[in-house]
Amino acid sequence: MSDCRRQWNRENELPVYLAGTITTGPNQRKSYGMFSSVDGACDSKTVDCDNFSAGRRGTRTPRSDSRDRGRETEVERKRERGREKERERETESERLLIKGGRVVNDDLSQYADVYVEDGLIKQVGDNLEVPDDVRVLEVNGCLVIPGGIDVNTCLMKPHLGCSPVDDFYLGSRAALAGGTTMIIDHVTPQPGDSLLEAFELWQESADRKCCCDYSLHVDLPHWHPGVKDELEVLVQEKGINSFQVYMSYKDSFQMTDSQLYEVFSFLKELGAVVMLHAENGDLIAQEQRKVLSLGITGPEGHPLSHPEELEAEAVFRAITIGNRVNCPVYITKVMSKTAADTITQARRRGSVVFGEPITASLATDGSHYWSKNWAKAAAYVTSPPLSPDPTTPEHLHDLLACGDLQVVGSAHCAYSTSQKAIGKDDFTLIPEGTNGIEERMGFVWDKAVATGKMDANQFVAVTSTNTAKIFNLYPRKGRIAVGSDADIVIWDPDRTKTITSKLQQSALEYNIFEGMVCRGGPVVVVTQGRVVYEEGEGLRVQQGSGRFIPRQAFPDYAYQRITTRSKVKGKQGVSRGMYDGPVYDVLATPKYITPSPSAKTSPTSQQPPPIRNLHQSNFSLSGAQFDDNIPRRSGQRIVAPPGGRSNITNLG
Amino acid sequence: MAERKLLPRDSDDEGSLLSRLGTDSPKPRVKFGGMFCNVEGAYENKTLNFESSTSPTDGSTSPTDSSTSPTDGSTTDRLIIKGGKIVNDDQSFYADIYVEDGTIKQIGENLLVPGGVKTVDAYGHIVIPGGIDVNTSLQTSQLGMSPSDDFYHGTKAALAGGTTMIIDHVVPEPGASLLGAYDQWKDIADRGSCCDYSLHMDITRWHDGLFEEMESLVKNKGVNSFLIFMAYKDKFQSSDSQMYEMFGIIRDLGAIAQVHAENGDIIDEEQKRLLELGITGPEGHVLCHPEEVETEAVYRAITIAKQANCPLYITKVMSKSAADVIAKARKKGMVVYGEPITASLGTDGSHYWSKNWAKAAAFVMSPPLSPDPSTPDYLNSLLSCGDLQVTASGHSTFSTAQKAVGKDNFTLIPEGTNGIEERLAIVWEKAVATGKMDENEFVAVTSTNAAKLFNLYPRKGRIAVGSDADIVIWNPKETKTISAATHALTVEINIFEGMEVRGAPVVVISQGKIVLEGGKLNVTEGSGRFVPRKAYPDFIYKRIKARSKMADARGVPRGNYDGPVHDVISMTKSVPATPSSRGPQCPGKGPLGPTRNLHQSGFTLSGTQIDDHIPRRSAQRIVAPPGGRSNITSLS
């Protein structure tokens, strides 16, 4: 048994680049019963995981060939050593019995014991038959919940050449300490970079460092036909089913509406979820210019130039485009009441749209931008910014509780004060991002469950299950059920903790929640079947033990409605006889337009800015003519002028 | 009793009116005296403000005035309207009206009038200010075709329906001079128009050079409204940045920003998709201009206007959701106005699926009529409660033969519907006759609000002493059936064909002359005057100005940050500049294509530098490189 376990684990830890078993079509998901019989639970549950890892292994070889061999092997050796140590430790805690807890899933809670073996949940129920040498965790009535899934982290996002101080190691450590057992990180290539290369870079780094399971979103920094091939590969072979596009960051990441429409249409065909950074970049650029010209250079300029209307406007636009294309839309970082309300209203009208508030927007507000302490004010800089309205967190919690918002992320992207200080004379240069990966679960509990807005089931839904459903990780993640991954958190509702940067796992000097008291927190955190955190004993994590979790396309939760709608909503013309009446003679074919650059921004289709063409002006000195009654356009005037066409403005 | 009620009126009034003429800074408007004015003093100089205000147009209008009035002047120059109920937007009352020189001279009972005055009998009818149609396109050609109703036919129909003033849209070719187009339009309108008119200017392509032209239009030419397009991609469409810039300028000039609100990018994509699906008939038009696309653009326009603190006027509100967005924004305090048009108030978009191609095509306009049949009722309700303010017609008619240019491709069908003649009757039928709206509100939405928004008030839009004698005697009981056979237009299909409406004008008086009486139209081509409009209408700008004062953002005074600063070794890559906006770029602005500028890359091999703590942008690196600047990518 133990041998078999090792083998499995070993394969699984190899970096995962390919999952051969992933198909493009929507898979028929099997739902596992809550109480399944003890026999039969043991044998075949690991089969699909094996399949995944087999696939990964196959494609890994060609890739390493193309790369630097020496470095690769050194990495391998290091990994091998790490694994050795890990295995030793694992043997002690690979079989776990969690006794006396209340198992809370998103749909029901019940008192039951949970038996974990081989990193999977093998049995759930009372009076379980378990082997003798099992480690027993007595939890005395604490909640047993599925480990949190943090759907939005940026642990490697470069900004002006500097990387966040919390990398995959520190970030995932902090996640585990807060009860989050899986993260989905954003791959953020720069415009012009290859998506696949960026993806591999991220994956390699995460494989080396990440302490918990992870998956990746890929951000699209640009859009041109070549990207399509890369997207296909990512979805069909790499296990990525979510892509982020930007409506902000003018002149770098921003896309026009036409591009968004094309991206949406394409990703819909692939069955991926479109995530949006929703802010109107055009107006932000204008506002930034205005604010700087007023002489405001401090961090307060950031919220002044990113008013919440611009967020709400972009959310509205994104949903409109999503509706037109009939594509699921996921709004990252819902920071303001108006943006959240816009999502709510759209859902009322039947749009398939999901909203993700983050730790920062749920726990604090934007009044700190006006702090006299520059470092403190700068620590809050993120986009969209925190709303200065102090009632925002309450409102967002209300919407989370009633299901209008679905998912809680952290948008953890930690830059140190000295990195933030790059923008000390110009707020537009301050790297954007706040902490929140560790505090996420705690604050949702404190602000929503402990205040009675939300019950424990909904807490599990917004911190874990909904994410797993939207991104097709369910029921492997996000549920305590036989056959699911053993990512389990023992949650003590009565624990209190004061947030301070001194006690946090993150390397940041400044915690934006500094001094806040938080009720509820994890007592024990189990990931991949191992206890990694125990209150009093601290963290025992293994760098690089996190596995990449591939995600299949066409998640049912997002796509079932979409697929049905596409079938139902076919458009049909009216069949009518040919029009046989008179047709007005249009003298010249569609009018001449001064060559104007279309709004498309694909670099290949760039055109020079329009030149005022003096030859085609309508201006005439000659007054009324006998043929004035004949309509005429400037461009039709002289189709072929005597002496040939001359257009002096085009010579240069 | 009537005489004693009024306020003392002396030269004060005229003085304030006059003094505002030349200046571009607004003055608080002095309200006209009472409703019932003294007989003495009413005569002398009420016409003054007119002459001075028409001064920019002197050359063209005064000759027409003198030439037209003698023709039928002797009988219609002086009029007394007796026995009617005068309805203004604020109150209704019974009084007689005495009109002379194209102006209302007296209102009251038992007026002292000279002999030889023609008496118009208005017993049992209501007397209302003539309608103002703020959105017509009587000269805008599409695909080289002029509308079938030009200024003459259009204004004739307007008068037949009780509208005594129109504001037409000047649409210059993209890139052409605004002033040139303005002159062209004004010239044609002066020759053709039968009623007073004014002009909106459409900005079809924005660039910085337009600023002077806009300024000159506002200051010297009497134009205080500019229309911006958010649709018609690659043709008229403006990007968000451009809109923000234009809104800023329009606010500074004291004008009103109008938008044609539809998301052109999405429409463009949907058009392509529908044509690929093989849908070529007029139903394709409504399928690719879905309601949401209108709503989205309205929302965006309001957001941008809010940021720029500019008053916003949404032309052609065609759908419930778009109207809702406007209503909500108004509740949040935005200065935004919405204009439903005759077509959206009177009919719906189900006709796009008509088997008769010519009929279906007649409804084609942008934004399209909503296929939701409850839309007209809803818009009438919002109009009644004040969430929408103005009704217009969006009149732009093309004959069936012209529409047939797009018989195989709906995107080529020229856009526009009729409505200039039916507007008042349809609002009466749908809103007043059904009890949604009272007669005062009717006057407000058909005339007074438009006059206030576009700074024509109180010269237009009110029956008061000193106002222009644009008066309609309205019979609320008369019933009429709209039909192409009987309308005053030249277009063959009337989209309201067969609709029965209660309420019709019995007598229409324009510029003090009877143009419609006993069912007969008596108009004179070219008798319409250009009415200039001044900047900073109080109705709009009082709030805007107060907000500009309040809106100053302030920084936080704090000590210098003196902690460590991260070394930025390599700055942002020089990114191929992506023009990130919806519309075409401003010429002369923005980057010249996506040439990657190798000289401005931040890449360096030398590691940390002494000045690394100074934040820097890639472009600041070498301001004046030794040996002069060389930029090989810009040579071509």
Side-chain angles (χ1 to χ4, degrees), chain A residues 160-162 190-191 250-252 254 256-258 261 281-283 286 294 296 298 300 304 309 313 316-317 320 323-324 370 372 374 417-419 421-422 424-426 429 571 573-574 576 579 581-584 586-587 594 596-599 601 603 606 609-610 612 617-619 631 633-634 636, chain B residues 141 143-146 173 175-176 180 234-235 239-241 244 263 265-266 269 277 279 281 283 287 292 296 299-300 303-304 306-307 353 355 357 400-402 404-405 407 553 555-556 558 561 563-566 568-573 575-582 584-585 587 593-594 615:
Chain A
L160 297 177
C162 50
Q190 294 299 308
K250 190 173 175 188
D251 295 337
S252 58
Q254 185 176 331
T256 66
D257 292 356
S258 295
Y261 191 97
D282 273 19
L283 290 185
Q286 297 273 5
L294 288 173
I296 298 175
E300 68 277 10
L304 289 175
E309 285 92 348
E313 187 279 315
F316 196 97
R317 180 148 47 96
T320 305
N323 285 347
R324 292 322 304 158
W370 281 265
K372 290 275 185 193
W374 190 93
T417 303
S418 66
Q419 288 173 328
I422 292 167
K424 71 189 170 68
D425 301 318
D426 178 354
L429 297 176
K571 281 174 180 155
V574 175
R576 41 168 98 79
Y579 173 84
V583 179
Y584 191 86
V586 178
L587 294 176
T594 335
S596 66
S598 76
T601 48
Q606 274 306 309
R612 183 187 290 204
S617 142
N618 246 344
F619 181 67
R633 333 227 77 218
S634 51
Q636 299 163 355
Chain B
S141 50
L143 296 173
M145 300 176 290
S146 300
E173 289 292 312
D234 293 341
K235 200 167 150 205
S239 74
D240 292 356
S241 297
Y244 184 89
N263 188 318
D265 278 13
I266 301 183
E269 298 284 339
L277 285 174
I279 298 176
E283 68 277 11
L287 289 175
E292 291 169 277
E296 187 281 313
Y299 195 100
R300 181 150 43 94
T303 308
I304 300 174
K306 162 92 192 305
Q307 289 309 312
W353 281 268
K355 289 276 183 196
W357 191 92
T400 303
Q402 289 173 323
V405 168
K407 72 188 166 68
V556 176
R558 39 168 101 78
Y561 172 82
V565 180
H566 188 82
V568 181
I569 294 168
S570 66
M571 292 296 282
T572 39
K573 291 191 205 178
V575 166
T578 33
S580 54
S581 41
R582 238 162 244 111
Q585 285 193 306

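Throughout, protein chains are lettered first and strands after them, A, B, ... in sequence-line order, and every chain is numbered starting at 1. What you are looking at is a predicted structure, and each value in this text was computed from that prediction instead of being measured. Heavy atoms only: backbone and side chains are in, while hydrogens, waters and symmetry mates are out.
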Open item on the list: Going by the rule side chain to side chain contact (heavy atoms under 4.5 Å, CB included), which residues pair with A:Glu309 if we only count those two or more places apart in sequence or in a different chain?
Closed with: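 By the side chain to side chain contact (heavy atoms under 4.5 Å, CB included) rule, A:Glu309 matches A:Pro307, B:Thr303, B:Lys306, B:Gln307.
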TODO: Can you measure from OG1 (A:Thr417) to OH (B:Tyr561) and round to the nearest 0.5 angstrom?
DONE: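 A:Thr417 OG1 to B:Tyr561 OH: 5.5 Å, rounded to 0.5 Å.
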Task: CG on B:Asn263 to OG on A:Ser258, rounded to 0.5 Å - done: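 These two atoms lie 8.0 Å from each other.
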Open item on the list: Between B:Arg300 and A:Asp257, is the side-chain contact (heavy atoms from CB on, under 4.5 Å) condition met? List the steps.
Closed with: CA-CA 12 Å; B:Arg300 181 150 43 94; A:Asp257 292 356; 4.1 Å; yes
On a heavy-atom basis, which atom in [X] and which in [Y] lie closest, and how many Å separate them?
{"X": "B:Ala404", "Y": "A:Pro582", "result": "CB-O, 3.6 Å"}
{"X": "A:Ala421", "Y": "B:Pro564", "result": "CB-O, 3.7 Å"}
{"X": "B:Ser241", "Y": "A:Gln286", "result": "O-NE2, 3.2 Å"}
{"X": "B:Val405", "Y": "A:Tyr584", "result": "CG2-O, 3.6 Å"}
{"X": "A:Phe316", "Y": "B:Glu296", "result": "CE2-CA, 3.5 Å"}

Open item on the list: Which atoms of B:Lys355 are under 4.5 Å from chain A, going by heavy atoms: the side chain, the backbone, both sets, or neither?
Closed with: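 Both backbone and side chain.
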Task: Pair A:Arg317 + B:Glu292, salt bridge at N-O below 4.0 Å - done: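 No, A:Arg317 and B:Glu292 are not salt-bridged.
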Task: Salt bridge B:Arg558-A:Glu300, side-chain N to carboxylate O under 4.0 Å - done: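 Looking at A:Glu300 together with B:Arg558, the answer is yes, because their closest N to O distance falls below 4.0 Å.
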Task: A:Tyr261: partners by ring pair (Phe, Tyr, Trp, His ring centres under 6.0 Å), with sequence neighbours left out - done: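 Scan of A:Tyr261 (ring pair (Phe, Tyr, Trp, His ring centres under 6.0 Å), adjacent residues dropped) gives none.
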